[in-house]
Amino acid sequence: MSLLFITLTIALGFMISALLAPIFIPYLRRMKFGQSIREEGPQSHMKKAGTPTMGGLIFLVAIVVTTLGISYFTDTLTTQTVVLLLVLVGFGVLGFLDDFIKVVMKRNLGLTSLQKLIGQIVFSIAAYFLLQLGPFDTSIAIPFTSWSIDFGLVYVAFIVFWLVGFSNAVNLSDGLDGLVSGTASIAFATFGILAVLYNQNDAAIFAFSVTGALLGFLLFNKNPAKVFMGDTGSLALGGALAMLSIILKLELLLLLVGIIFVVETASVILQVISFKTRGKRIFKMSPIHHHFELSGWSEQKVVYVFWTVGFVAALVVLMLEVFV
């Protein structure tokens, strides 16, 4: 995939998102699709109440249109492209239903955890069977080594675990203006570069489509946010990012590329375990981005530091993949 097509893919995704946002945001506001803020959250967030949510629809449309358009034009529309779009849209639909129930039907919890989990498992298994239509490798490589472990039939369980885990991890991270938009665009761009290096143009087109669409969305999602992505966007991004790592056979590398999402999730798990076993909290609030807020950091500072950590992790991964 040439630099020209990489640039074109990112630019098209960016342009579609940037053009759709001014159309979608007033519509979401008229439909009263406003975000409700948890009372137990940081008090500084209360001013965000009513900001339009479900904005993930903006970049989901941009990603699908860009991926299909560029793939068709370059004759690189493959089963893997279909799988990536299936996971993106499928998890996005689950997020949309969750947002719709919370915002429109005024049921705070949205979909139950079980309903959400069942939906995630169904789309994960569907992706597994679609992947089997082509050459399919059930081994998992150990990063920066020549070792790998063949999971065989158990690989389907790994796919379910990976997609469910990372979709929820990105969802947990979506708590500050621009945090997920920025960190996810870095992660997708990193996998896009690796896809180009390994001549997987279908995966590269998808990755760079997401990168461009998220950057276009970030124009309106950065602080102070004019729109939130909601579960519609975060669940879709997490599932798609995990699926991309599987298709590239760089599964475990996602733990480094998506280090922010891993740390955010770990902070929640540790907080719950500590409180249930010792009756004490480790952090002032979890996920950990709220801990830094309550420690005196401004929201923008937390976001910029987390972006920087994600960017440095991406650089380290790229350097090690190229030179080791």
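All values below were derived from every heavy atom in this structure, side-chain atoms included, with hydrogens, water molecules and symmetry-related copies excluded.
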Worksheet item: Would a 4.5 Å heavy-atom cut-off, applied to side chains only, mark Leu68 and Leu85 as touching?
Response: yes
Worksheet item: Has the side chain of Thr145 got a donor or acceptor atom that lies under 3.5 Å from a matching backbone atom of Ile142?
Response: yes
Item to complete: Determine whether more than 12 heavy atoms belonging to other residues, nucleotides or ligands lie under 6.0 Å from atom NZ of Lys222.
Response: no
Discussion item. Do Leu237 and Phe59 make a side-chain contact, defined as non-hydrogen atoms from C-beta onward lying under 4.5 Å apart?
Written reply: yes
Discussion item. Within this structure, what is the CD1-OG1 distance for the pair Ile149 and Thr138, rounded to the nearest 0.5 Å?
Written reply: 11.5 Å
Response to the item:
Tightest non-hydrogen contact, residues Ala313 and Ile259, listed as CB-CG2, 3.8 Å
Worksheet item: Hey, is OH on Tyr72 packed in by over 12 heavy atoms from elsewhere, all under 6.0 Å?
Response: no
Worksheet item: For the residue pair Ala213 and Ile63, what are the closest heavy atoms and their distance?
Response: CB-CG1, 3.6 Å
Worksheet item: So, for Trp307 and Phe311, is the gap between ring centers shorter than 6.0 Å?
Response: no
Discussion item. For the CE atom of Met54 and the CZ atom of Phe24, what is their distance to the nearest 0.5 Å?
Written reply: 10.0 Å
Practice prompt. Could you tell me whether the side chains of Asp150 and Ser139 share a donor-acceptor contact shorter than 3.5 Å?
Written response: no
Fill in: Atom of Leu248, atom of Ala195 and distance for their closest heavy-atom approach
CD2-CB, 3.7 Å
Worksheet entry | Residues Tyr304 and Glu299: side-chain donor-acceptor under 3.5 angstrom | no
Item to complete: Say whether Thr66 and Ser209, considering side chains only, have a donor N or O and an acceptor N or O under 3.5 Å apart.
Response: no
Discussion item. When you compare the side chain of Trp162 with that of Ser245, does any pair of heavy atoms fall below 4.5 Å?
Written reply: yes
Worksheet entry | Residues, nucleotides or ligands: over 12 heavy atoms within 6.0 Å of Leu153 CG | no
Worksheet entry | From CA spacing to verdict: side-chain contact (heavy atoms from CB on, under 4.5 Å), Leu253, Phe144 | CA-CA 9 Å; Leu253 210 57; Phe144 319 123; 3.5 Å; yes
Item to complete: Treat each ILVMFWY residue as a node, draw an edge where side-chain heavy atoms are under 4.5 Å apart, and state whether Phe191 and Leu3 are in one component.
Response: no
Discussion item. Can you confirm whether Leu94 sits close enough to Gln120 that some side-chain heavy atom of one is under 4.5 Å from a side-chain heavy atom of the other?
Written reply: yes
Worksheet entry | Validation row: Val305, Phe292 side chains within 4.5 angstrom (heavy atoms) | no
Worksheet entry | Under 3.5 Å: donor-acceptor pair, side chain of Thr67, backbone of Val64 | no
Discussion item. To the closest 0.5 Å, what do you measure between CD1 (Ile282) and CD1 (Ile269)?
Written reply: 11.5 Å
Discussion item. Rounded at 0.5 Å granularity, tell me how far NE2 in His290 sits from CG in Leu176.
Written reply: 6.0 Å
Discussion item. For Lys116 and Leu235: C-alpha separation, side-chain torsions, deciding distance, then whether side-chain contact (heavy atoms from CB on, under 4.5 Å) applies.
Written reply: CA-CA 10 Å; Lys116 201 180 298 183; Leu235 289 180; 4.1 Å; yes
Worksheet entry | Residue among Asn223, Thr51, Asn221 satisfying side chain to side chain donor-acceptor pair (under 3.5 Å) with Asp177 | Asn223
Worksheet item: Honestly curious: do Leu84 and Tyr198 fall in one hydrophobic cluster under the side-chain, below-4.5 Å linking rule?
Response: yes
Practice prompt. Determine yes or no for a side-chain-to-main-chain donor-acceptor pair under 3.5 angstrom, with Ser173 supplying the side chain and Ala169 the backbone.
Written response: yes
Practice prompt. Check whether Val262 and Leu320 end up in the same hydrophobic cluster, where Ile, Leu, Val, Met, Phe, Trp and Tyr are linked by side-chain heavy atoms less than 4.5 Å apart.
Written response: yes
Worksheet, complete the sentence: When rounded to the nearest 0.5 Å, the distance separating CZ of Phe217 from NZ of Lys226 is 11.5 Å
Worksheet item: In terms of the angle between their ring planes, are Phe123 and Phe91 parallel, tilted or perpendicular, with boundaries placed at 30° and 60°?
Response: tilted
Worksheet entry | Step-by-step side-chain contact (heavy atoms from CB on, under 4.5 Å) determination, Val196 to Phe208 | CA-CA 10 Å; Val196 171; Phe208 289 127; 3.8 Å; yes
Worksheet entry | Modelled atom types, side-chain donor and acceptor of Thr232 and Asp99, under 3.5 Å | yes
Worksheet item: Is the Phe136 to Tyr128 ring centre distance short of 6.0 Å?
Response: yes
Practice prompt. Check whether the side chains of Gln271 and Ser274 place a donor and an acceptor atom closer than 3.5 Å, and report yes or no.
Written response: no
Item to complete: Could you tell me whether the side chain of Leu194 reaches within less than 4.5 Å of the side chain of Leu197, counting heavy atoms only?
Response: yes
Worksheet item: Considering all heavy atoms of both residues, which atom of Thr190 and which atom of Ala314 are nearest to each other, and what is their separation?
Response: OG1-CB, 3.1 Å
Worksheet item: Can you tell if the side chain of Phe188 reaches within under 4.5 Å of the side chain of Leu244, non-hydrogen atoms only?
Response: yes
Worksheet item: Hey, is the main chain of Ser286 close enough, under 3.5 Å, to the side chain of His291 for a donor-acceptor pair?
Response: no
Worksheet entry | For Asp98 against Leu111, the heavy-atom pair lying closest together | OD1-N, 2.6 Å
Worksheet item: Quick one: CD1 on Ile140 to CG on Leu252, what's the gap to the nearest 0.5 Å?
Response: 6.0 Å
Discussion item. side-chain hydrogen bond (donor to acceptor under 3.5 Å, both in side chains) for Thr112 and Gln115? Distances and angles first, verdict last.
Written reply: CA-CA 5 Å; Thr112 66; Gln115 289 170 332; 3.3 Å; yes
Worksheet entry | side-chain contact (heavy atoms from CB on, under 4.5 Å) between Ile23 and Ile58, intermediate numbers included | CA-CA 9 Å; Ile23 298 172; Ile58 295 168; over 6 Å; no
Discussion item. Would you say that Phe206 contacts Thr81 through its side chain, given a criterion of any heavy-atom pair below 4.5 Å between the two side chains?
Written reply: no
Discussion item. Please give me the minimum heavy-atom distance between Val302 and His289, naming the atom from each residue.
Written reply: CG1-CB, 3.9 Å
Worksheet item: Aromatic rings Phe158 and Phe161: how do their planes relate, parallel, tilted or perpendicular, breaks at 30° and 60°?
Response: tilted
